[in-house]
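No hydrogens, no waters, no symmetry mates; every other heavy atom, side chains included, goes into these values. Here the structure is a predicted model, which means the values were calculated and not measured. Proteins come first, then strands; the chains are lettered A, B, ... in the order of their sequence lines, and each starts at number 1.
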2 protein chains.
Amino acid sequence: MLGDRMLPTNRFSTRPLYLQLRDALAERISHGEWKPGTAIPNESDLAREFGVSSGTMRKALDMMEGEHLLTRRQGRGTFVNDQSSDEMAMRFNNVRAKDGQRVSGRVRTVELTEGKANDRERDRLGLQVNDAVYRLRRVRLQGDRPFMTEETSYPTSLFPGLNDTKNPSHRITVLAQQYRLLLGKAEERISIGKANQTVATELGVPLDTPIIVLDRVVHDLDGRPVEWRTGYCNFTDQYYLADIG
Amino acid sequence: MLGDRMLPTNRFSTRPLYLQLRDALAERISHGEWKPGTAIPNESDLAREFGVSSGTMRKALDMMEGEHLLTRRQGRGTFVNDQSSDEMAMRFNNVRAKDGQRVSGRVRTVELTEGKANDRERDRLGLQVNDAVYRLRRVRLQGDRPFMTEETSYPTSLFPGLNDTKNPSHRITVLAQQYRLLLGKAEERISIGKANQTVATELGVPLDTPIIVLDRVVHDLDGRPVEWRTGYCNFTDQYYLADIG
DNA sequence: AAGTGGTCTAGACCACTCA
DNA sequence: GAGTGGTCTAGACCACTTG
């Protein structure tokens with residue numbers, strides 16, 4: 001029982017305890033109380049601390065493992081995932097080289113600007129009329145060959161001061177960790193298009209070359225849009241791999 | 001405890017009980033003992049029948065719900081999913097109309113043939129040199145306009161007599177249910193291509209028109225490939241939506 | 001009111017890792 | 001051998017649906 005200690009769970013709420021626990025533990029991660037890569041207390045200690053049974057605590061921890069916040073290893077412990085690791089960064093990247101390997105490659109940042117969100121940005125990012133965004137243009141290269149040029153928009157409210165950063169990461173997982181956001185799901189729309197002048201120049205292909213357009217929105221754990229990216233891909237040596245589960 | 005009754009779980013196996021239970025219950029579905037759309041016994045009755053605690057039985061049932069085999073509804077019961085329902089059929093279809101709705105549309109079957117699996121079929125379907133496949137060619141239409149032409153291969157060993165069927169379903173979920181297969185995950189490779197003569201004719205577009213190529217393998221619950229489909233899409237009014245979890 | 005799944009408890013024992 | 005997560009038990013109580 002909670003007794004009279006002040007803990008972030010509420011016995012009188014109708015929200016299931018294990019969800020309240022998840023929220024409380026997730027907050028410890030996003031607030032930096034539990035740091036990436038470190039171990040957290042074991043299940044029974046946490047259960048005692050929060051005044052719940054270990055089964056209920058386990059349900060919360062298992063859920064968080066499914067949300068890529070934690071990794072549990074039998075005999076070792078429970079660890080906070082480092083979102084800047086390659087493994088976590090690749091979660092949202094479904095572009096593969098012909099050999100099946102995920103493509104990370106080098107990235108060249110072309111431009112960073114700030115402005116009022118336009119119609120499409122407001123739609124995709126769920127913003128209001130006067131909300132502002134940061135816009136980044138980048139080119140991704142495999143070896144020396146550019147295969148994707150992208151335009152990315154971030155709500156300024158979620159990434160304050162991003163424009164003052166020297167080299168803002170091109171990985172949304174890294175940015176999110178720096179700005180203490182926990183990422184959840186994403187969706188990506190894939191269609192076909194033609195290279196306009198800008199895209200053609202940056203990809204080094206003729207004007208009107210057929211290209212793949214990737215339109216991706218990444219959300220945080222609560223479903224709020226965090227990043228909108230439009231990528232223009234010359235998929236001569238790559239393909240997109242969608243897992244259907 | 002199991003006592004001396006013969007039940008398909010084994011206390012001496014190292015495989016966790018809840019996984020053995022899942023297998024046993026899945027078998028009841030695939031064998032037709034539990035029919036699509038019907039309710040199965042409640043949790044505590046099942047637990048008693050198998051001689052396990054209700055918590056362990058629950059873990060198996062929850063897992064099967066995650067595998068789209070069952071649907072559980074508080075106050076009502078646990079039901080076997082009907083894989084021929086629209087909802088289940090749409091699981092593997094990520095093609096959307098511009099308005100965001102899933103595209104089902106009409107389907108025209110062009111050709112059904114049988115033959116030895118070629119190199120790519122053996123690769124994608126994990127077949128041996130002398131294994132045979134059924135091949136189906138179809139055209140999918142939205143309204144009166146064809147937007148995808150597809151070539152699909154099925155191992156004959158999994159779909160015996162498919163060539164004698166009058167109108168074999170174009171939905172893998174329906175075929176699987178008819179042939180008592182339980183479906184698991186799928187992966188889809190998306191790339192860009194050009195319409196060859198056949199594709200151009202069937203889609204009603206000029207030769208060499210840029211098209212989206214969808215290369216999909218559907219597996220059963222045990223990970224065995226069940227269907228390989230290559231779709232050639234004229235995505236003027238559609239796009240592909242990938243969920244990233 | 002009866003029956004269902006959903007949550008929660010308070011343990012026990014096992015499998016695995018590491019000093 | 002001490003400590004961890006993974007499995008399993010045998011219940012209790014709650015929320016929801018239906019006759």
Legend entry - Atom-to-atom span, CZ of A/R15 to C1' of C/dG6 - whole angstrom: 15 Å
Inset, instruction - Using atom CE of A/M57 as one end and atom P of C/dT7 as the other, report the distance to the nearest whole Å. - result: 16 Å
Inset, instruction - Can you figure out which of C/dG5, D/dG6, C/dT7 approaches the side chain of B/R72 most closely? - result: C/dG5
Inset, instruction - For B/G75 and for A/T56, locate the closest nucleotide of DNA chain C by heavy-atom distance; then report the residue assigned to the nucleotide nearer the 5' terminus. - result: B/G75
Legend entry - Shortest side-chain distance from B/D62, nucleotide among C/dG6, C/dA15, C/dT9: C/dG6
Inset, instruction - Take the protein atom CD of B/E65 and the nucleotide atom P of C/dT4, then report the distance between them rounded to whole Å. - result: 17 Å
Inset, instruction - Determine, stepwise, if the pair A/R229 / A/D215 fulfils salt bridge (charged side-chain N to carboxylate O under 4.0 Å, His left out). - result: CA-CA 6 Å; A/R229 176 186 88 169; A/D215 176 321; over 6 Å; no
Inset, instruction - Tell me which nucleotide among D/dT9, D/dG5, C/dG6 gets nearest to the side chain of A/N42. - result: D/dG5
Inset, instruction - Look at B/E188 together with B/R124 and state whether they make a salt bridge at an N to O cut-off of under 4.0 Å. - result: no
Legend entry - Distance in angstrom units between A/R48 CZ and D/dT4 C1', rounded: 14 Å
Inset, instruction - Name the closest nucleotide to the B/P16 side chain, picking from C/dC8, D/dC8, C/dT7. - result: D/dC8
Legend entry - Short side-chain N/O contact from A/Y18 to OP1 or OP2 of C/dC8, under 4.0 Å: no
Inset, instruction - Rounded to the nearest angstrom, tell me the gap between atom CZ in B/F79 and atom C1' in D/dC16. - result: 13 Å
Legend entry - Electrostatic pair B/R216:B/E187 at N-O distance under 4.0 angstrom: no
Legend entry - B/R22 CZ - D/dT7 C1' separation (whole Å): 17 Å
Inset, instruction - Output yes when at least one side-chain N/O atom of B/R58 is less than 4.0 Å from OP1 or OP2 of C/dG5, else no. - result: no
Legend entry - Of the listed nucleotides D/dC8, D/dA15, C/dT9, the one nearest the side chain of B/S53: D/dC8
Inset, instruction - Test the A/R189-B/Y240 pair against the cation-pi criterion, namely NZ or CZ under 6.0 angstrom from the six-membered ring centroid and within 45° of the ring axis. - result: no
Inset, instruction - Under 4.0 Å between any heavy atoms, over every strand shown, what does B/R73 touch: base, sugar-phosphate, or nothing? Just pick one. - result: sugar-phosphate
Legend entry - Residue whose closest nucleotide on DNA chain C lies nearer the 5' end, A/S54 versus A/R76: A/S54
Legend entry - Spacing of B/K59 atom NZ relative to C/dG6 atom P, expressed in whole Å: 16 Å
Inset, instruction - Take the protein atom CD of B/E43 and the nucleotide atom P of C/dG5, then report the distance between them rounded to whole Å. - result: 6 Å
Inset, instruction - Using a heavy-atom cut-off of under 4.0 Å over every strand shown, decide if B/S44 touches base, sugar-phosphate, or nothing. - result: nothing
Inset, instruction - May I ask you to check whether A/Y134 and A/Y154 place their ring centers less than 6.0 Å from one another? - result: no
